[in-house]
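One structure is given here, and the rest of the page talks about it.
Just so it is clear, the structure is predicted and the values come from calculations on it, not from any experiment.
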Amino acid sequence: QTATSTNKISRMSRKMRQFTVLFLVLMCLQLQLKVSSAPICVHGHTGCHYLSVSDLFDRVIQHSSRMHSLSSDLHSEFEKYFLPSRNQVGRENRKCHTSMILTPNGKENAQRLAREELTQVILKLLVAWIDPLSQFHQSIARNEDFTNFSSNKALEMSDMLHELKNGVEKVAEKLQLLGIISNSISGLSSADALLPSSASNDARPMSDYEILHCFRRDSNKVQNYLKILKCRIVPEHGC
């Protein structure tokens, strides 16, 4: 009788372990489904997909790479179809409206900047392009020489700029929460506030080609600065 009781207890114990394992598997699957469908957030509140600093950086770097690639495509298309003369290209006044924003020249100089300063430079460049890209899309849409495909590209580029700005702001917010950078970069939302007053006074309308040329240059800067910033903060991830 003792042996029979022991066998019963053993069988019940195995069933309990199997049930526990099954329960844990189901819980993990349910959690995975919730995370995959949840919105992304910085604070990790309930119902949000919590991302690490490295994950956030990867997202904005990938987004900046796509945006720069799109600007390069439009620039090449513009040169091919609308500026057949290389002499004409050379005569374009290429002074960009963002030239008044002090940006580090080269990787070494960017690495010397404080994290807050480099983050601020990135945001300044992004905010400074919001209005020009919106105007560029309107100009392309009105111009019968451009195809709908080009107009759609211009609109996509403008939308991507807004998304990238929001993404970089989330990265900055995350870094501030973790105490990696100070709160000195908060409140960067107006292009007028970011550009020196002399830039606003000397501003003149840019041609479509100048906008493409300058934005391609600045989008490349943003992409490189984001990579440098990530390597300084999370150097163990692919640096």
Please report the interatomic distance CG(Leu113) to OG1(Thr103), rounded to the nearest 0.5 Å. 9.5 Å
Calculate, to the nearest 0.5 Å, the distance between atoms NZ and CD1 belonging to Lys221 and Ile122 respectively. 12.5 Å
Linking I/L/V/M/F/W/Y whenever their side-chain heavy atoms sit closer than 4.5 Å, directly or via other members, would Leu178 and Leu56 fall into one cluster? yes
Side chain proximity check, Phe136 to Leu74, heavy atoms < 4.5 angstrom: yes
Looking at every non-hydrogen atom in both residues, tell me the closest pair between Glu116 and Ile180 and how far apart they are. OE2-O, 4.4 Å
Approximate separation, where rounding is to 0.5 Å, of Ile233 CD1 and Ile228 CD1: 12.0 Å
So, taking the atom named CG in Leu212 and the one named CG in Asp73, what distance separates them when rounded to the nearest 0.5 Å? 11.0 Å
Compute the ring centroids of Tyr209 and His75, then answer whether they are less than 6.0 Å apart. yes
What are the two closest non-hydrogen atoms of Ile181 and Ala172, and how far apart are they? CD1-O, 3.8 Å
Do any N or O atoms from the side chain of Asn220 and from the backbone of Arg216 form a donor-acceptor pair under 3.5 angstrom? no
Given 3.5 Å as the limit, does a donor-acceptor pair link the side chain of Ser76 with the main chain of Ser72, or not? yes
Passes side-chain contact (heavy atoms from CB on, under 4.5 Å), Arg217 versus Thr98? Steps please. CA-CA 10 Å; Arg217 183 201 70 172; Thr98 53; 3.1 Å; yes
Do His63 side-chain atoms and Met160 backbone N/O form a donor-acceptor pair below 3.5 Å? yes
Answer yes if Val234 and Val171 sit in the same cluster of Ile, Leu, Val, Met, Phe, Trp and Tyr residues linked by side chain heavy atoms under 4.5 Å apart, and no otherwise. yes
Restricting to non-hydrogen atoms, name the atom on Ser54 and the atom on Lys230 that form the minimum distance, rounded to 0.1 Å. OG-CE, 3.9 Å
Please walk me through it: do Val168 and Leu226 pass side-chain contact (heavy atoms from CB on, under 4.5 Å)? CA-CA 9 Å; Val168 173; Leu226 284 171; 4.2 Å; yes
Tell me whether Ser69 contacts the main-chain N or O of Arg66 through its side chain, where contact means a donor paired with an acceptor under 3.5 Å. no
If hydrophobic clusters are built by linking Ile, Leu, Val, Met, Phe, Trp and Tyr wherever their side-chain heavy atoms come under 4.5 Å apart, do Phe78 and Leu155 end up in the same one? no
Test item: side-chain donor near acceptor, Asp131 and Ser134, under 3.5 Å: no
Tightest non-hydrogen contact, residues Lys95 and Ser99, listed as CE-OG, 3.8 Å
Pro132 and His97: which non-hydrogen atoms are nearest, and at how many Å? CG-NE2, 3.7 Å
Please walk me through it: do Glu77 and Lys153 pass side-chain contact (heavy atoms from CB on, under 4.5 Å)? CA-CA 11 Å; Glu77 183 178 326; Lys153 276 187 178 180; 3.7 Å; yes
Main-chain N/O of Phe215 paired with Ser219 side-chain donor or acceptor, under 3.5 Å: yes
So, for Val60 and Leu164, which heavy atoms are closest and what is the spacing to 0.1 Å? O-CD1, 3.4 Å
Does one side chain, of Arg115 or Ser182, offer a donor that lies under 3.5 Å from an acceptor on the other? no
Quick check: does any side chain N or O of Ser52 sit under 3.5 Å from a backbone N or O of Asp55, one acting as donor and the other as acceptor? yes
Any side-chain donor paired with an acceptor under 3.5 Å for Arg112 and Asn109? yes
Please determine which of Asn166, Val222, Leu133, Leu125 meets the side chain to side chain contact (heavy atoms under 4.5 Å, CB included) test together with Leu161. Leu133
Ser71 side chain vs His68 backbone, donor-acceptor pair below 3.5 Å: yes
Going from SG on Cys231 to NZ on Lys107, what distance comes out if it is rounded to the nearest 0.5 angstrom? 6.5 Å
Rounding to 0.5 Å, atoms CD1 (Ile101) and CG (Asp218) come to a distance of 7.5 Å
If you apply the rule side-chain contact (heavy atoms from CB on, under 4.5 Å), what do you find for Glu156 with Asp159, and how did you get there? CA-CA 5 Å; Glu156 183 182 359; Asp159 290 342; 5.7 Å; no
